Each structure stands twice: as structure tokens, then as C-alpha cells.
Amino acid sequence: MDVARPEFLPDPDRSHDEMEALQREIADVAVFSDDHGFDAATLGFEETPRDATGDPDAGSQQKTLRDADAPVVVGVDQAFVGDERSVSAAVAIQDGVVVERAAGSAPLEIPYIPGLLAFREGDAIVDALESLSVDADVVVLDGSGRIHFRQAGIATHVGVLFDVPAVGVAKNLLCGTPRESLDDPLSEGARVAVEADDGVDAPDGTVIGYAYQSRQYPNPQRRHVNPLITSPGHRVSAETTVEVVEATCAGYKLPAPTRLADEYADELKQSGG
DNA sequence: GCGACAG
DNA sequence: ATCTTGTCGC
């Protein structure tokens, strides 16, 4: 993949204020509506059969034929080697089959600062995506997109940088107000809109993403799973974002692209930086 | 000043 | 994110 807007590269040498200013520019050109060519219903991830305990049942048949016209979904995830270098893994999947994997890495130059994640992990991600040869129909990133103080989380930043449809999947809420409390367990498949509030650069009440319960245990009263926090990155609506996440989770808590990128990132981490 | 905060 | 074994629940 190629960077489309080099002026938006996440340069960690910029000042704190410059980083925030860049994020506002990115949010200005970001598209939070559907502007892509895929149909979330044709992503090709099969629902995982469950056994009696509700755990994924292994041993089901493997797919051998892949639809070459199906959309390509790319999952991206990072891991750290020591604490001065990050590795990024990108895994491309088409019709449920891994078609390419790419690695990237970069030095860690700034600490983790809520709201500025892209400037810490962005360089490694760019390195990985630039060495990916297939074209992605949509990229799935770890973290927020529009659910961000300046509507420019890491999924939005990367999406706009490459001008590729992108979605953000986070395990925790960064900002915004859920329409319903997320403190009590939600049932599987439930979705709760997250609205902009005073902490977000968007009109109050704007739906900037959804909490989505991808998986839940049979008896959430005793043991429960937390919902995922999904938000559009670029060229995808909040509603389509949830559809992409729902289709790719296929019975697991995390989307398959994320899980596979996670595993690959661990491999890269083990074999040095 | 206080509180809140993705990975 | 990362450091890590056992343990609870279905």
C-alpha cells in the first residue's frame, strides 16, 4: 500500500501542540460515512461452531476454495520489543483465507499518551502497510477512530494517511458517552451507541461509534465478557463499522484480522526486533 | 483546580 | 501494551 497524504505522517518529533493540530486537520478530511466498495455481508468469515460449554469447537472443516472477488480485510496490531522498539504486523484476509502478511518496525520515541497513540505506534504501522502488496478493501486497527477527543484516533489517522477505508476496534472506551450504561453485562449481539459530549470535537449527541457485544457467556451474572468499542476510522459509517466487526468476529470476542495480526506480532516479537 | 484517559 | 500460574465456571 502507498501513503496518499505524506503531510499526515505521524512524526513523533513534533510538539504536543503540533500533534493535536495535525489531528484536527486529519479529522477535517476524514470521511465518517460509507465510501467503499465492499459489502460487509460478503466478508467470508464463517460463524464458529460452539461446543456444549460455549467454547469455539475446533475440528470443523477448513475452507479450501477462496473467492478471489471477495473483499480483502487487513488486520493490524503492534507488540513491543524491549521498550525502545515496536513491531507492527499486518495480515491480509480474503474470504476467510490469509493471503499475505507483512511486518514493520520503528523505534519508540514517545511514551503512551491518551489521544496521541498514533504518534507512538504509527511509524511501525506505516512501515508494515507500505510493504503490503495487496490492496485492502478495509483495514482493522487496534484502538479508536472517531471515538477520540479530536475525532482522529489511530484508525482515522491511518485510514486518512493511506486513504483507505478503516475501522477502529478498542477494548476500552477513550471518551464519549454511551447511551446506556456499559457497567452491566450486555447480551451477545447487543450494540450501544456512543455519543459525542463536551470532551469530543463534534456536536453533542453525534453518534461517534458503538459498543458492540461480540461474545457473551451463557450466564453473564457470574462471569461476563466486556463489549468491544468500535468506531469509524475513515470512509466507513459507524453502522457499517459494527457490521464489519460483527462479520469478522464470527463467535469470538475479537475480529479474526485482529487475532491473526496479534499472533503474528507476537512471532515477530519473539524472533527479535 | 479536579477528573478522565485507546495501546 | 507488558510482567505471568493457577483457577474458576460451563
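Since this is a predicted model, take the numbers as computed values, not measurements. We name chains A, B, ... by the order of the sequence lines, and we start the count at 1 in each one. All values below come from the heavy atoms of this structure, side chains included, with hydrogens, waters and symmetry mates left out.
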How long is the line joining [atom1] of [X] and [atom2] of [N], in whole Å?
{"X": "A/L116", "N": "B/dA4", "atom1": "CG", "atom2": "C1'", "result": "15 Å"}
{"X": "A/D198", "N": "B/dC5", "atom1": "CG", "atom2": "C1'", "result": "16 Å"}
{"X": "A/I208", "N": "B/dA6", "atom1": "CD1", "atom2": "C1'", "result": "12 Å"}
{"X": "A/L182", "N": "B/dC5", "atom1": "CG", "atom2": "P", "result": "12 Å"}
{"X": "A/H148", "N": "B/dG7", "atom1": "NE2", "atom2": "C1'", "result": "12 Å"}
{"X": "A/E109", "N": "B/dG7", "atom1": "CD", "atom2": "P", "result": "22 Å"}
{"X": "A/L108", "N": "C/dT2", "atom1": "CG", "atom2": "P", "result": "11 Å"}
{"X": "A/R215", "N": "C/dC10", "atom1": "CZ", "atom2": "P", "result": "13 Å"}

With a non-hydrogen cut-off below 4.0 angstrom, is [X] in contact with a base, only sugar-phosphate, or nothing?
{"X": "A/R222", "answer": "sugar-phosphate"}
{"X": "A/I125", "answer": "nothing"}
{"X": "A/F80", "answer": "sugar-phosphate"}
{"X": "A/I147", "answer": "nothing"}
{"X": "A/G115", "answer": "base"}

Would you indicate which nucleotide in [options] comes nearest to any side-chain atom of [X]?
{"X": "A/D142", "options": "B/dG7, C/dC10, B/dA6", "result": "B/dG7"}
{"X": "A/A79", "options": "B/dA6, B/dG7, C/dT2", "result": "C/dT2"}
{"X": "A/K269", "options": "B/dG7, C/dC3, C/dC10", "result": "C/dC3"}

Do A/S133 and A/E100 get their side chains close enough for a donor-acceptor pair, meaning under 3.5 Å?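 There is such a pair between these side chains.
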Is the distance between the ring centroids of A/F119 and A/H157 under 6.0 Å? yes
Shortest non-hydrogen separation from A/L186 to A/A190 and the atoms involved: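 Where A/L186 meets A/A190 most closely, the heavy atoms are CB-CB, 4.0 Å.
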A/R223 vs A/K171, nearer the 5' end of DNA chain C by closest nucleotide: A/K171
Taking only Lys NZ, Arg NE, NH1 and NH2, and the carboxylate oxygens of Asp or Glu, determine whether A/R120 and A/E109 approach each other closer than 4.0 Å. no
Mark this stacking check for A/Y112 against B/dG7 as yes or no, applying ring centres under 5.5 Å and ring planes under 30°.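 Per 5.5 Å and 30° rule: yes, stacked.
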Could you tell me whether the phosphate oxygens of B/dG7, OP1 or OP2, come under 4.0 Å of any side-chain nitrogen or oxygen in A/N172?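 Yes, such a contact exists.
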Geometric cation-pi criterion A/R259 and A/Y252, 6.0 Å radius, 45° cone: yes
